Visitor: 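Have a look at this one before I ask anything.
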Amino acid sequence: MRQVRARYCRYADQQDWAAFRALFADDCQFGSTSMRDVRSPDDFVGRIKALLDGGRSAHYCHTSEIEFTGPGTASAVWSAENVIQVKQGDPFVQRGYCYETYRRDERGHWLITSTKLEQVGPNLIT
């Protein structure tokens with residue numbers, strides 16, 4: 001799970017959308033205040049891509065709490081901090097906790113099966 005989460009951050013920051021999409025199971029569920037109506041991984045990736053188009057980001061996740069919930073399944077809570085500069089607008093910092101679940105695919109790779117960012121406080125302007 002640590003590698004999957006680290007890749008999530010790196011691929012988003014490098015805007016490597018094909019690699020970013022490959023982290024998610026096709027039936028992945030998404031939840032957060034700003035993403036509650038996301039219906040699929042392709043929709044999620046498209047929204048993040050549109051948000052960061054012409055901008056940049058730095059995603060940080062740390063102090064993971066990982067629990068193996070069964071053979072080939074797990075859950076985790078991550079402390080998260082995202083510094084985001086969209087094309088138009090001031091950079092801002094988003095802090096909170098990311099709740100995720102995972103499962104191994106037929107190749108033995110971990111995939112994200114659900115992800116939800118619970119923001120702590122308002123976005124901070126840097």
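Predicted model only: the values in this text are computed from it and were never measured.
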Visitor: Ignoring hydrogens, what is the shortest heavy-atom contact between Ile66 and Ala76? Give both atom names and the distance.
Guide: CG1-CB, 3.9 Å
Visitor: Supply the atom-to-atom distance Arg103 CZ to Ile112 CD1, rounded to the nearest 0.5 angstrom.
Guide: 12.0 Å
Visitor: Taking NZ, NE, NH1 and NH2 as the nitrogens, is one of them in Arg21 or Asp42 under 4.0 Å from a carboxylate oxygen of the other?
Guide: yes
Visitor: I need the minimum non-hydrogen distance between Cys28 and Pro41, along with the two atoms involved.
Guide: CB-CG, 4.0 Å
Visitor: Check Val4 against Tyr102 and note the closest heavy-atom contact, atom names and distance.
Guide: CG1-CE2, 4.2 Å
Visitor: Nearest 0.5 Å, please: how far is CD in Glu81 from CG in Leu124?
Guide: 8.5 Å
Visitor: Do you know the tightest heavy-atom contact between His59 and Asp13?
Guide: ND1-OD1, 2.6 Å
Visitor: Answer with yes or no whether the hydrophobic clustering places Leu111 together with Met1; edges join I, L, V, M, F, W, Y residues whose side-chain heavy atoms lie under 4.5 Å apart.
Guide: no
Visitor: Residues sharing Tyr97's hydrophobic cluster, by side-chain heavy-atom contacts under 4.5 Å among ILVMFWY, directly or via others?
Guide: Val77, Tyr99, Val120
Visitor: Answer with yes or no whether the side chains of Thr63 and Ser79 bring together a donor and an acceptor at under 3.5 Å.
Guide: yes
Visitor: Which of these passes side-chain hydrogen bond (donor to acceptor under 3.5 Å, both in side chains) with Thr101: Thr113, Thr69, Thr73?
Guide: Thr113
Visitor: Check Ser64 against Trp78 and note the closest heavy-atom contact, atom names and distance.
Guide: CB-CZ3, 3.1 Å
Visitor: Starting from the C-alpha separation in whole Å, work towards a yes-or-no answer on side chain to side chain contact (heavy atoms under 4.5 Å, CB included) for Leu52 and Trp17.
Guide: CA-CA 11 Å; Leu52 293 178; Trp17 304 121; 3.9 Å; yes
Visitor: Tell me if the CZ atom of Arg10 is crowded by more than 12 foreign heavy atoms within 6.0 Å.
Guide: yes
Visitor: Any chance you could measure Cys61, atom SG, to Arg2, atom CZ, to the nearest 0.5 Å?
Guide: 12.0 Å
Visitor: Could you state the interatomic distance from CH2 (Trp110) to CG (Leu23), rounded to the nearest 0.5 Å?
Guide: 14.5 Å
Visitor: Honestly curious: do Tyr8 and Ile84 fall in one hydrophobic cluster under the side-chain, below-4.5 Å linking rule?
Guide: yes
Visitor: Under 3.5 Å, is there a donor-acceptor pair between the side chain of Gln29 and the main chain of Lys116?
Guide: no
Visitor: Walk me through whether Arg5 and Glu100 qualify under side chain to side chain contact (heavy atoms under 4.5 Å, CB included).
Guide: CA-CA 9 Å; Arg5 195 47 149 130; Glu100 289 186 334; 3.3 Å; yes
Visitor: Do Lys87 and Asp53 touch side chain to side chain, with heavy atoms closer than 4.5 Å?
Guide: no
Visitor: With rounding to the nearest 0.5 Å, note down the distance linking CZ in Arg7 to CZ in Phe20.
Guide: 14.0 Å
Visitor: Salt-bridge test for Arg47 and Asp37: reply yes if a basic N is under 4.0 Å from a carboxylate O, no otherwise.
Guide: yes
Visitor: Are the side chain of Gln119 and the backbone N or O of Gly121 linked by a donor-acceptor pair below 3.5 Å?
Guide: yes
Visitor: Phe30 vs Phe44 aromatic rings, parallel, tilted or perpendicular, using cut-offs 30° and 60°?
Guide: parallel
Visitor: Looking only at non-hydrogen atoms, find the nearest pair between Cys98 and Thr115 and report the distance.
Guide: SG-OG1, 3.4 Å
